[in-house]
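Throughout, numbering of the chain's residues begins at 1 and tracks the sequence. No experiment lies behind these values; they were computed from the predicted model shown. Computation of the quantities below employed the complete heavy-atom set of this structure, encompassing side-chain atoms and omitting hydrogens, waters and symmetry-equivalent molecules.
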Amino acid sequence: MREFIIKFLGKIVSTKRFQNIGYLPRWIIFAIDVFIVLMACAITQVIVLSLNVKLYLTINPYLQYGFVVFVNAISFIFFSTYSGIIRHSTFIDGVKLLVATTASYLGLMVFNYSYQFFLNDRLFLSTGLFITYLISFLLLFLFRILVKNVFETYLHVADTNQLTRVVIYGADANAISVANALKTEKPARFNVIAFVNKFKKDKTNKSILNLPIINQTRGIHVILKSVNAEALIIAEKSLTKEETVQLVEECLDYNFKVFTVPLITDWEDQNQISNQLKNFAIEDLLERKPIVLDNNKISTQIKGKNVMITGGAGSIGSEIVRQLMSFNPYKIIILDQAESPLHSLNLEISAESTDIKIQTVLADIKDYNALEMVFEKFKPDFVYHAAAYKHVPLMEENPAQAIFTNVVGTKNLADLSKKYLVEKFVMISTDKAVNPSSVMGASKRIAEKYVQSLNYHLVSSNEKNATKFITTRFGNVLGSNGSIVPLFTKQIQEGGPITITHPDIIRYFMTIPEACQLVLEAGAMGNGGEIYIFDMGEPVKIIDLAKKMIRLAGFKPDKDIYIKIIGLRPGEKLFEELLNDTSKTLPTHNVKIMIAQDRNCDFEEVKESILELISITKKSSSLEVVAQMKRIVPEFKSMNSEYQTLDID
């Protein structure tokens, strides 16, 4: 019955005339208050007349209560009880009413006893004045409470039709704080309708804030459907990552929005809880176990050393810089040719209070002379080489630039590292270098061959203090510059469509922090000549990734945001490999890192073939450049490209 009344009143007040009602003028509030006092007088008269006692004579009741109303009206004016907005009444307004009615009562009592003292007669019954005082205060106070509740409760019922109906996952103090904050937030965005308790053994029916606590004995999507919810807010902090991912995946599969919220102690603004609610990022849904690093080994090698990162302003390079800060190197040399990103990173890192020296260098790895001045001046002990051109279709159209940056740039850095006795040179490669189908992948494979063969040559020559050259190879990095996640995010923000090259295309993915952690670990454990490959987890279908991102943004795939298949791009293949057909792997102490066993190449042969490639690149056509690349990397077979003609025997 109660729910029916609330819904009925909700429908009434949801009409425009109630939703758009303005504030009443002060004179109307004053008139209502005077009328309420008049009603109190009438009620008092009824009560007094019903008393079975003999009353002393007073003046005419109409004169009595007319005088009472007049005195109260003067008191209302003096204390401005009518000046507040009734629907926003506060404790102060209640105090003002109490003071005004009490002042009226005391004034009338003083006047009554003075009249009796001087004229030996009474105007009012003292009991009647007290009853009028009590009833008038209660009616005035209840009037304001009633109006406030109508606007805050029943108009809120109408407003909740525009709010997102949410269930809070959790029933602890943090969850209660979230619910309280959402209830009092102005303007409101969410209507909390229930809590979910993850502990299934609790069979008792309980409630918090007049909201039911539902024990999770069924799938979360079943619970959300049963209460007609639209979204889930995860406030339970005892959940493991696996449990959280499972909840999010289930919500997305059934088109429910899902949010997370930090602990109340971490809220940036206690008054705007909606600002604390965050959508899950696609990176959060990678089902991976935490990476355990050998921090002692990394720190032992890095502490107090000069470390240079090429491509240091890029997504991978900048994250390596951030992570290196915790290992206390003496100096970090950040080298990049991109001026604005380099400047931004410098501002970010310099803002941290640390004794580590930061040196930003604006230089191009293709320029050997400029690089040599850097090596000569800063004498790096470690080099992390992340600078590269990596966009497959772009390099397919510009193979010369792929050679100059990915091959010549790597050769310059490797040669200078050898010359200036760098301890370790860590090259960041890609899974596209395995059985390459694109110019970009082949250029990275040529760079791999050069640093590997150089390391083998140094070991064979028994050179003292020789640089150890290490290669790390991994797949796509979520959120990196130019990757599909920023692209999909932009396309979703623009209303779609999301463009995918093929419905069956599959890729391996890692997060930026994951990839950089493993780069540091591999660099620390490497003895030179290894190609480290990383455990990339399970491959992901790009179309599934797109659908998850659409759902995470609160939309429905192929309804709100469409997915468009545009066909494979030049050089692109359906899936990537981390090993070629002839390679095997060896385990390391870190289960996420393996060593690819690859055959050693003769350094002089590799060097001569690369010098010839550079010569061809400077004076010949793209077709001849790619032909030479295929001679260096026999497994390079072009796909969806004009260079496929070179693969015909």
Q. Taking it one step at a time, do Ser344 and Glu348 satisfy side chain to side chain contact (heavy atoms under 4.5 Å, CB included)?
A. CA-CA 6 Å; Ser344 298; Glu348 175 194 331; over 6 Å; no
What's the separation between atom [atom1] in [X] and atom [atom2] in [Y], rounded to the nearest 0.5 Å?
X	Y	atom1	atom2	answer
Ile349	Ser318	CD1	OG	8.0 Å
Ile543	His502	CD1	NE2	10.5 Å
Ile566	Thr499	CD1	OG1	4.5 Å
Leu345	Ser340	CG	OG	12.5 Å
Ile428	Cys516	CD1	SG	6.5 Å
Ile214	Asn197	CD1	CG	10.5 Å

Taking the side chain as every heavy atom from C-beta outward, state whether [X] and [Y] have any pair of such atoms under 4.5 Å apart.
X	Y	value
Val248	Ile234	yes
Arg165	Asn228	yes
Leu232	Phe256	no
Cys251	His221	no
Ile223	Lys225	no
Lys257	Arg551	no
Lys490	Glu494	yes
Val166	Glu230	no

Exercise for review: List the steps and the verdict of side chain to side chain contact (heavy atoms under 4.5 Å, CB included) for Ile505 and Leu568.
Suggested key: CA-CA 9 Å; Ile505 196 166; Leu568 289 172; 4.0 Å; yes
### Task
Verify salt bridge (charged side-chain N to carboxylate O under 4.0 Å, His left out) between Asp504 and Lys541, making sure each step is shown before the conclusion.
CA-CA 7 Å; Asp504 297 325; Lys541 288 189 74 171; 3.8 Å; yes
Least distance between heavy atoms, [X] atom then [Y] atom:
X	Y	answer
Asn255	Pro557	OD1-CD, 4.4 Å
Ala231	Phe259	CB-CE1, 3.9 Å
Gly312	Val321	O-CG2, 4.2 Å

TODO: Let me see the working for Ser136 and Met39 under side chain to side chain contact (heavy atoms under 4.5 Å, CB included), right down to the final yes or no.
DONE: CA-CA 8 Å; Ser136 60; Met39 285 179 59; over 6 Å; no
Of Val258, Ile233, Leu247, the one forming a side chain to side chain contact (heavy atoms under 4.5 Å, CB included) with Tyr169 is Leu247
Checking Ile561, Ile563, Ile498, Ile550 against Phe488 for side chain to side chain contact (heavy atoms under 4.5 Å, CB included), the one that qualifies is Ile498
The side-chain hydrogen bond (donor to acceptor under 3.5 Å, both in side chains) partners of Gln246 (sequence neighbours excluded) come to none
Side chain Asp560, main chain Lys556, donor-acceptor under 3.5 Å: yes
Check your understanding: Under 3.5 Å, side chain of Ser326 to main-chain N/O of Gln323, donor-acceptor pair present?
Key -> yes
task: Please test Leu324 against Leu520 for side chain to side chain contact (heavy atoms under 4.5 Å, CB included), starting from the C-alpha separation and ending with a verdict.
output: CA-CA 8 Å; Leu324 281 171; Leu520 294 180; 3.7 Å; yes
